[in-house]
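Because only heavy atoms are used, hydrogens play no part in the values below, and waters and symmetry mates are left out as well, while side chains stay in. Chain letters run A, B, ... following the sequence lines, proteins first and then strands; every chain starts at 1.
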Amino acid sequence: MKEFTEKILQKAKDLGASYADVRIIKGANESINIKNGKVDALAAASDYGFGVRVIVNGSWGFASSFTVTDEEAEKVVQQAVSIARASSRLKREDVKLAPVEPAEGHFESEWKINPFDVPLEDKINLLLDADKIMRQQPEIKISEGQMNFWKTDETFASTEGSYIEQVKIESGAGIEATAIEAGEMQRRSYPAFGGDYASRGYEFVEGWNLVDHAESIAKEAAELLKAPQCPSDTRDLILEGSMLALQVHESCGHPIELDRVFGTESSFAGTSFLTTDKLNTFRYGSDKVNIVADATAPGGLGSFSFDDEGVPAQCVDIVKNGIFSGYLSSRETAAQMGWESSGGAMRADGWSRIPIIRMTNINLLPGDWTFDEIIKDTKDGIYAAGVQSWSIDDKRLNFQFGTEVAWEIKDGSLGRMLKNPTYTGITYEFWRGCDAIAGKDEWHLWGVPSCGKGEPMQTARVGHGVAPSRFRNVRIGVMESQSSESEE
Amino acid sequence: MTNGNGKLLGQERLQELAQKALSFSSADQTQVTIGIGQNSLTRFAGSIIHQNVAERDATVAVRAIIGKKIGFAVGNSISDEAIKATVEKAIEFARHQQENPDFVSLPKPKPIQKPVPTFFDSTAEFSADDRAAAVEKIVKAADKVNAHAAGSLSTGYSEHIIANSLGINAYDADTSSTFTTVITADTGFGYAQRISSDITKLDIDKAADEAAKTADRSRNPEPFEPGEYDVVLTPYCVEDMVSFLSWMGFSALAVQEGRSFMSGKFGQKICGDNITIWDDGLDPRTNVRPFDGEGFPKQKVELIKNGVANAVVYDSYTAYKEGKESTGHAMGGTGTQGPYATNMFLAPGNATVEEMIASTDRGIFVTRFNYTNIVHPLLTIFTGLTRDGTFLIEDGKITKPIRNLRFTESILDAFSNVEMIGKDLMLCGAATVPALKIKNFRFTGATEF
């Protein structure tokens with residue numbers, strides 16, 4: 001492979017590239033979807049190709065192909081170079097890259113059981129067993145389960161002398177029960193809506209004990225059909241882990257992406273309220289709030305050894321004692337900030353896409369409470385769990401989330417179940433109201449396998465470590481009036 | 001059939017590959033989908049090109065059926081060896097599958113019509129230099145109002161064949177081009193998008209001017225109290241609403257599973273008499289696709305007729321389950337995610353946007369929605385924010401820009417309150433739709449810009 005990458009890099013230099021890198025990726029995916037007692041989809045995907053990124057005349061060009069041959073490589077390099085020359089028609093200044101030490105080596109993520117070696121029947125039966133239990137609850141009209149496994153072999157080489165091979169295995173699974181009755185539809189999922197994922201092997205799936213939780217989520221979904229509507233009010237809100245993980249993703253992970261801050265995502269995903277004048281001065285949250293972007297977290301879905309620019313994985317401070325203190329960055333945006341090195345957050349969705357700034361593991365560090373203590377300490381609030389819906393503005397300020405379920409909290413005790421819970425707020429006001437975070441025993445690094453960004457669209461697998469936390473005085477029950485009217 | 005000036009492998013070669021794949025299969029029924037093509041995209045922001053990419057990729061997808069067991073495999077190499085491996089993987093997976101009692105058969109062949117050409121050399125030949133020249137024009141339009149342009153211009157060409165062991169052998173080649181821009185004028189924003197198979201029809205200049213004018217007019221937006229207001233929504237917003245209806249309920253699978261707002265409502269009124277929505281993949285005003293992901297011809301389906309829930313779209317799996325024929329809306333892939341309407345139309349009215357504004361005493365003009373999402377699918381409640389140009393209408397005139405608002409609203413409630421419907425239709429993604437004036441649209445929150 002090294003011979004192939006060297007030919008490409010030499011060709012790029014010969015054609016005038018001041019910098020070039022190439023990534024060759026072989027990917028495999030296995031997915032199993034169960035629905036209503038049947039194996040809805042059993043699919044295997046394989047993918048192989050290479051992409052070449054060049055700077056010519058101070059501008060970027062990128063081209064890629066699924067035909068991995070010397071002849072095709074010549075064409076692809078030429079195409080990348082001619083694209084870069086076209087880009088240079090509209091430039092203000094030459095692209096500058098923050099320096100990186102060239103690296104060489106072979107790196108593998110950690111796994112105990114290779115999920116591709118586990119017999120299909122075992123995986124299918126695990127989901128079918130959970131499915132059968134969910135369907136014993138008569139109100140459950142749709143029962144679903146899924147597993148996904150990925151294996152990625154990636155080689156990165158650059159004109160600066162890096163040659164890095166990385167092998168990664170990622171695994172995950174989840175189950176969902178949907179109850180439908182008389183114009184009402186309610187869902188509960190376990191361990192998270194869409195499943196939970198990690199850079200681990202099949203042992204990660206086994207660890208969630210899906211079968212043991214099938215009955216309880218089916219019962220909760222059924223119970224929700226008759227539960228009262230979440231009232232429209234301002235109350236203290238305690239968020240369960242998977243919901244809080246999405247809150248971190250949307251209201252912290254995206255606005256700290258430096259490409260958004262610099263406006264290069266403005267026409268699609270949007271920009272960010274965390275402009276560079278706010279760095280190290282802006283109060284993002286209460287002094288209890290500490291957030292890091294940690295690409296080194298063991299097993300994290302957003303973990304790696306090197307990013308797709310050959311920058312080593314790092315743990316970067318994002319919010320320290322409530323003060324906004326860092327960004328997700330690339331070599332180019334780090335140079336624009338005047339930094340000496342990139343924070344290492346550039347990743348591409350396979351060989352056919354150019355690397356862009358992506359979340360790694362955006363982790364809310366654990367606090368010193370327990371979940372039980374938080375509940376006991378809450379006079380009038382709700383505890384909301386499970387992701388139902390999400391929406392946030394294009395600067396990442398005004399958000400509104402719906403959760404699968406909530407329970408009322410009165411005088412320190414969990415009470416009746418509430419359906420259709422929603423909550424809304426402004427990002428920094430919400431995080432400034434965070435006054436209790438559970439400790440490391442209740443902290444979990446959730447894996448989100450489907451973060452969309454960029455044009456052409458790229459899907460990234462990212463992680464969010466959180467423990468249940470409390471937020472004071474949050475507006476809840478936004479849709480209360482609509483749903484009660486529609487039911488009348 | 002064009003050969004795309006040598007850019008395409010052509011019908012004969014793809015048919016040969018597909019037949020070879022079928023010959024490798026020992027399954028009872030087999031479907032093979034082979035696609036190959038190139039996509040290019042130039043992204044610009046701050047009036048410079050910051051990303052410029054091209055990708056050439058292929059797909060070889062195989063659905064193998066043994067009895068009622070279905071296996072699926074996909075690869076991206078068209079070598080004989082790789083195609084054989086993909087077929088074998090699909091068969092291996094089918095062998096390990098459980099029986100699916102609801103599966104009847106893959107579809108049988110039916111004549112396919114193609115009303116208009118879908119492959120344009122103008123688009124396939126459009127180079128990186130051509131894209132840069134187009135971006136220069138957009139930047140100039142932004143310069144005129146002292147603003148910055150961001151956006152993307154993409155072009156692509158592809159050819160694909162879908163063949164099955166029952167005789168389906170459907171080939172097509174097409175091109176696509178999309179132009180999107182957000183123009184930023186200090187605190188003002190404007191948006192425009194155009195989509196066409198033929199890049200010469202995009203009219204980038206006019207679209208860029210539209211976005212620049214909106215950006216210029218929306219500088220210094222004022223805070224505004226959320227509440228119920230009459231709204232004038234552009235086709236960009238209306239497409240979002242129609243697409244969510246499709247996602248939530250225009251699929252036979254959603255109805256069969258009881259999760260569609262259409263479930264149990266056929267023949268009943270679900271929105272205003274003035275709302276008619278249909279899907280027609282053969283109408284030249286949309287991105288024409290003569291056949292679906294199973295190689296079955298696209299049929300026109302009237303989804304909502306004068307406010308009454310009328311019909312949904314089918315693929316072969318959902319159709320055979322009800323003893324019906326597919327309407328040609330299979331999505332391909334594993335074939336289990338259900339059919340989907342992707343060429344929808346909302347029937348035009350006779351109003352202009354100017355007339356809608358002129359008839360409004362106090363209301364809001366919305367250029368575009370941002371990050372819309374479903375809150376409650378059966379009640380068709382969705383939420384999102386306004387973006388890229390939100391204006392107050394007073395006494396029949398746009399008087400000032402206002403800060404973006406969050407709405408939380410039932411789409412079918414909103415479609416029950418449509419007062420005026422635009423006479424011009426615009427292709428905006430999955431739907432070709434007019435502007436709408438809607439009474440009492442519910443804004444539930446506000447943001448800071």
Residue part contacting chain B, namely of A:Glu250, when any heavy atom lies under 4.5 Å: side chain

So do the side chains of B:Phe189 and A:Asp394 get within less than 4.5 Å of each other, counting heavy atoms only? no

Considering all heavy atoms, the nearest A:Lys35-B:Leu253 contact: NZ-CD2, 3.9 Å

Assess, by modelled atom type and distance only, whether the side chains of A:Gln400 and B:Tyr371 contain a donor and an acceptor separated by less than 3.5 Å. no

Shortest non-hydrogen separation from A:Gly270 to B:Arg387 and the atoms involved: CA-NH2, 3.9 Å

Minimum heavy-atom distance between B:Ile48 and A:Leu90, given as atom pair plus value: CB-O, 3.4 Å

Is there a side-chain contact between B:Val182 and A:Phe268 (heavy atoms, below 4.5 Å)? no

Sequence-distant partners of B:Phe93, ring pair (Phe, Tyr, Trp, His ring centres under 6.0 Å), two or more places apart: none

Close approach to chain B in residues 54-62 of chain A, criterion heavy atom under 4.5 Å: A:Trp60, A:Gly61, A:Phe62

Heavy-atom cut-off 4.5 Å, strictly under: side chain, backbone, both or neither for B:Gln98 against chain A? both

OG (A:Ser65) and CG (B:Asp57) are apart, to the nearest 0.5 Å, by 8.0 Å

By side chain to side chain contact (heavy atoms under 4.5 Å, CB included), A:Ser31 pairs with (sequence neighbours left out) A:Asn29, A:Asn33, A:Ala43, A:Asn148

Regarding B:Thr447 and A:Asn398, is there a side-chain donor-to-acceptor distance under 3.5 Å anywhere? no

Under the ring pair (Phe, Tyr, Trp, His ring centres under 6.0 Å) test, which residues partner B:Phe72, sequence neighbours left out? none

Sort B:Ala133 into side chain, backbone, both or neither according to what part of it lies under 4.5 angstrom from a heavy atom of chain A. both

Contact class of B:Phe369 relative to chain A, heavy atoms under 4.5 angstrom: neither

Minimum side-chain heavy-atom gap A:Thr424-B:Thr444 below 4.5 Å: no

Heavy-atom pair with the smallest gap, counting every atom of B:Gly384 and A:Ser391: CA-OG, 3.6 Å

Do you know which of A:Leu397, A:Ile426, A:Ile124, A:Ile392 has the most heavy-atom pairs under 4.5 Å to chain B? A:Ile392

Side chain, backbone, both or neither: which part of B:Arg406 has a heavy atom under 4.5 Å from chain A? side chain

Per-residue contact mode, B:Gln337 against chain A (heavy atom under 4.5 angstrom): neither

Taking all non-hydrogen atoms of both residues into account, name the closest pair between A:Ile83 and B:Ala54 and its distance. CD1-CB, 3.7 Å

Per-residue contact mode, A:Ile356 against chain B (heavy atom under 4.5 angstrom): side chain

Counting heavy-atom pairs under 4.5 angstrom with chain B, the leader among A:Gln79, A:Glu455, A:Lys91 is A:Glu455

Do B:Phe103 and A:Lys38 touch side chain to side chain, with heavy atoms closer than 4.5 Å? no

Side chain, backbone, both or neither: which part of A:Arg475 has an atom under 4.5 Å from a heavy atom of chain B? side chain

Which atoms of A:Ile142 approach chain B - backbone, side chain, both or neither, heavy atom under 4.5 Å: side chain

A side-chain contact here means heavy atoms from C-beta on lying under 4.5 Å apart; do B:His376 and A:Glu184 qualify? yes

Note: A:Glu265-B:Arg43 ion pair, threshold 4.0 Å (strictly below): yes

B:Val139, part contacting chain A, at a heavy-atom distance under 4.5 Å: side chain

Heavy-atom pair with the smallest gap, counting every atom of A:Ser87 and B:Asn52: OG-ND2, 2.8 Å

How about CD on B:Gln268, more than 12 heavy atoms from neighbouring residues, nucleotides or ligands closer than 6.0 Å, or not? yes

Side-chain ion pair, B:Glu136 and A:Arg89, N-O less than 4.0 Å: yes

In terms of heavy-atom proximity below 4.5 Å to chain A, should B:Ser47 be classed as side chain, backbone, both, or neither? both

Does any backbone or side-chain atom of B:Arg95 lie under 4.5 Å from a heavy atom of chain A? Answer side chain, backbone, both or neither. neither

If one checks every heavy atom of B:Thr383 against chain A at 4.5 Å, the contacting part turns out to be both

When you compare the side chain of A:Trp351 with that of B:Asn76, does any pair of heavy atoms fall below 4.5 Å? yes

Where on B:Ile374 is there a heavy atom nearer than 4.5 Å to chain A: the side chain, the backbone, both, or neither? backbone

Turns out that what part of B:Ile36 lies under 4.5 Å from chain A's heavy atoms comes down to side chain

Quick one, A:Lys123 and B:His96 - any side-chain contact, counting heavy atoms below 4.5 Å? no

